[in-house]
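Report on one structure; see the data block that follows.
The figures here come from the full heavy-atom set of this structure, side chains too, leaving out hydrogens, waters and symmetry mates.
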Amino acid sequence: MKNYKSFFQAAIKFVFVIMMLMVTFMVACFSYLSPYVTVQNFLIPAGICLLIAIVFVILFCFIYKRSNIHDVKILKSSKTIIIASLVLLMLQLFVCYSVFFLTSWDSEVLTVNAFNIAHNKIGNLNNDYFSRFPNNLFLEYLFILAYKFADLIGMSTLKTGTELIVIGQCVLNSITGFLTFKIAEKISNSYKAAWCTWAFYFILVGSAFWTIVPYSDSIALIIPVLILWIWTTLKTEKYTYLKWFFIIVITFIGYKIKPQTVIVFIAIVIIQAIYAEYNKKIFLRLIKAVVPAMVVVMLLNIGIGKVVSTLSFNIDKEAEFGMTHFFMMGLNEESGGIYNRDDIVFSNTIETKEERKRANIDESIKRLKSFTPGRMAKHITRKTVSNYGNGMFGWGQEAGSYFYKKIYKDRVPGISGFLKKCIYNTGDYYRIFAIIKQFTWIMCLLLCALSCMRREKNINEAILVMALSIIGLTMFETLFEPRARYFYIYVPFYVILAPIGLQNVLEKFKSKKERV
């Protein structure tokens, strides 16, 4: 049994390390292949960022090892991270208030239609969009509730109602940062690593300001972290029922908002299956926990289905774009697998769901056959760079120049203008703001590769869950449509693993010094 566990543990670590090293290499050397990266016009090329990151990590090791953080009592207090999270929330609220704008693309479709339904304006709804992408109907329902609540408290315009959603997204972001810190603290058993994780989180997620854009990315950000936090926190047998009940229910809700959230659940089930000591008692306890959760999920599914069906949309079920469409689009060599208007038109001209599925599969097979090994390698590299090569996670790129569809006048004299110049990708200081994130992200990728490099027989199960989740997410986005924004909800996993990689480097240096 031990050999069985050791084999799977070693296999996951090996695949993760090789994958992350390859990802880091591709980002450093081939960023020019992806328009999603080149359009950001970063101040420093990714390859130079990687070299600086390596030097920075070496220097940081000395600072990290010799620092007296463990002697600073205030950082040991659990109140400190609560205060830090509240400060982050206040900062996000202030920045969002200062630079608020209304965007276009899918976010606009959801907000405008939700606002209209909430105010009984159902004459001009976007039925085509929700017929093609019915997976967004549950999120649309949540937005409708938000606009109705906003109306009750006097925030009755599209602008003010959307701002209420943004406030909610800021709250979710700050809570996610807090849970990320607590997971890092528990796994690493180090305040240094936990605060390092939070610093990474602050730069990459807390100040990313995707919170300004109402969409599934910011709403679902908390889901993978919350699932992992529940799994790592409720480890005793006493809470087995509650643990699995909440994990299953939250996974289902997350799936309804953003399907990628289910990947962490799959990873947990796999790791649990590998490490669990099975006996009749444990099996019965698991059944008692899972069965009620599945009943609740079934009831939720029925309830959500009925609620969604009552919305004012005229849904054409035959117009739905399934996974085969996105698989076909991911094989578009000319576009690099990213969103392609011609592929949308191709699928949209087919009348029935079944015919569309067959046509997508036929076209996918045709595209696969047209690839040579070299062209396929280049295509995968290009998709990998589109996924991983953008530390801004695609900020400002959706809908091109229409991303900032409606910009409002400065609310805070002097400060609003400065913040807009930093955050809007048309601003004078944006490239400085962006390169800080790009450098941090590339360093994070490098450290993630080092997080599973230690040759220890027993590795924390949560590390394996995160590694397996990242492997699954990478495979999923490589198979289908690549987009840096799709990785945003799993960035907390990367920032938890990065300081563990730093710890491994420190341990390596320490062991070499002791041998000398």
Mind checking the [atom1]-[atom2] spacing from [X] to [Y]? Nearest 0.5 Å is all I need.
{"X": "Ser312", "Y": "Lys121", "atom1": "OG", "atom2": "NZ", "result": "13.5 Å"}
{"X": "Ile167", "Y": "Cys96", "atom1": "CD1", "atom2": "SG", "result": "9.0 Å"}
{"X": "Ile271", "Y": "Leu464", "atom1": "CD1", "atom2": "CG", "result": "4.5 Å"}
{"X": "Ser347", "Y": "Asn360", "atom1": "OG", "atom2": "CG", "result": "4.0 Å"}
{"X": "Met20", "Y": "Tyr388", "atom1": "CE", "atom2": "OH", "result": "5.0 Å"}
{"X": "Ile165", "Y": "Ser107", "atom1": "CD1", "atom2": "OG", "result": "8.5 Å"}

Tell me if a side-chain donor or acceptor on [X] pairs with a main-chain N or O of [Y] at a distance below 3.5 Å.
{"X": "Asn348", "Y": "Ile344", "result": "no"}
{"X": "Thr103", "Y": "Val213", "result": "no"}
{"X": "Gln40", "Y": "Gly396", "result": "no"}
{"X": "Lys383", "Y": "Thr478", "result": "yes"}
{"X": "Asn340", "Y": "Ser335", "result": "no"}
{"X": "Asn301", "Y": "Val297", "result": "no"}
{"X": "Gln9", "Y": "Glu461", "result": "no"}
{"X": "His325", "Y": "Phe321", "result": "no"}
{"X": "Ser174", "Y": "Cys170", "result": "yes"}
{"X": "Thr261", "Y": "Pro224", "result": "no"}

Would one find more than 12 heavy atoms of other residues, nucleotides or ligands at under 6.0 Å from atom [atom1] of [X]?
{"X": "Tyr255", "atom1": "OH", "result": "no"}
{"X": "Ile52", "atom1": "CD1", "result": "yes"}
{"X": "Tyr141", "atom1": "OH", "result": "no"}
{"X": "Met376", "atom1": "CE", "result": "yes"}
{"X": "Glu351", "atom1": "CD", "result": "no"}
{"X": "Phe14", "atom1": "CZ", "result": "no"}
{"X": "Trp229", "atom1": "CH2", "result": "no"}
{"X": "Phe149", "atom1": "CZ", "result": "no"}

| message | One pair to check against salt bridge (Lys or Arg N to Asp or Glu O under 4.0 Å): Asp362 and Arg367. What are the steps and the verdict? | response | CA-CA 9 Å; Asp362 290 342; Arg367 292 178 181 184; over 6 Å; no

Are side-chain heavy atoms of [X] and [Y] found at a separation under 4.5 Å?
{"X": "Leu450", "Y": "Leu447", "result": "yes"}
{"X": "Glu481", "Y": "Tyr486", "result": "yes"}
{"X": "Glu320", "Y": "Ser131", "result": "no"}
{"X": "Phe16", "Y": "Leu497", "result": "yes"}
{"X": "Ser370", "Y": "Arg375", "result": "yes"}
{"X": "Leu142", "Y": "Ile257", "result": "yes"}
{"X": "Val23", "Y": "Met26", "result": "no"}
{"X": "Asn136", "Y": "Tyr215", "result": "yes"}

Indicate whether any N or O donor in one side chain lies under 3.5 Å from an N or O acceptor in the other, for [X] and [Y].
{"X": "Lys258", "Y": "Ser216", "value": "yes"}
{"X": "Asn173", "Y": "Tyr201", "value": "yes"}
{"X": "Ser207", "Y": "Lys437", "value": "yes"}
{"X": "Asn390", "Y": "Gln397", "value": "yes"}
{"X": "Glu108", "Y": "Tyr402", "value": "no"}
{"X": "Tyr129", "Y": "Asp106", "value": "yes"}
{"X": "Gln272", "Y": "Trp231", "value": "yes"}

| Phe327 and Phe480 aromatic ring geometry - parallel, tilted or perpendicular at 30°/60° bounds |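 Ring orientation, 0 to 90° scale: perpendicular.
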
| query | Centroid-to-centroid, Tyr430 to Tyr424, below 6.0 Å? | reply | no

| Quick check, are the ring centers of Tyr147 and Phe143 under 6.0 angstrom apart? | no

Heavy atoms only: give me the nearest [X]-[Y] pair and the separation to one decimal.
{"X": "Val249", "Y": "Ala293", "value": "CG2-O, 4.3 Å"}
{"X": "Ile144", "Y": "Leu311", "value": "CD1-CD2, 3.6 Å"}
{"X": "Ala146", "Y": "Leu164", "value": "O-CD2, 3.7 Å"}
{"X": "Val385", "Y": "Ser31", "value": "CG1-CA, 3.5 Å"}
{"X": "His379", "Y": "Leu331", "value": "NE2-CA, 3.8 Å"}
{"X": "Ala498", "Y": "Cys444", "value": "CB-SG, 3.8 Å"}

| message | For Phe326 and Tyr339: C-alpha separation, side-chain torsions, deciding distance, then whether side-chain contact (heavy atoms from CB on, under 4.5 Å) applies. | response | CA-CA 9 Å; Phe326 295 100; Tyr339 176 89; over 6 Å; no

May I ask you to say whether [X] pairs ionically with [Y], meaning some side-chain N is under 4.0 Å from a carboxylate O?
{"X": "Glu477", "Y": "Arg483", "value": "no"}
{"X": "Arg485", "Y": "Glu398", "value": "yes"}
{"X": "Lys353", "Y": "Asp316", "value": "no"}

| message | Whether Lys406 engages the ring of Phe101 as a cation-pi pair (distance to the six-membered ring centre under 6.0 angstrom, angle to the ring normal within 45°) should be assessed. | response | no

| query | Among Tyr494, Phe200, Phe42, which one satisfies ring-ring contact (aromatic ring centres under 6.0 Å, His included) with Trp441? | reply | Tyr494

| query | Checking ring-ring contact (aromatic ring centres under 6.0 Å, His included) against Trp395, which of Phe403, Tyr36, Tyr488 comes through? | reply | Phe403

| field | Derivation of the side chain to side chain donor-acceptor pair (under 3.5 Å) call for Asn124 and Asn116 | value | CA-CA 9 Å; Asn124 193 28; Asn116 287 337; over 6 Å; no

| message | Among Thr474, Leu221, Leu473, Val225, exactly one meets side-chain contact (heavy atoms from CB on, under 4.5 Å) together with Tyr490. Which residue is that? | response |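 Result: among Thr474, Leu221, Leu473, Val225, Leu473 is the only option passing the side-chain contact (heavy atoms from CB on, under 4.5 Å) with Tyr490.
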
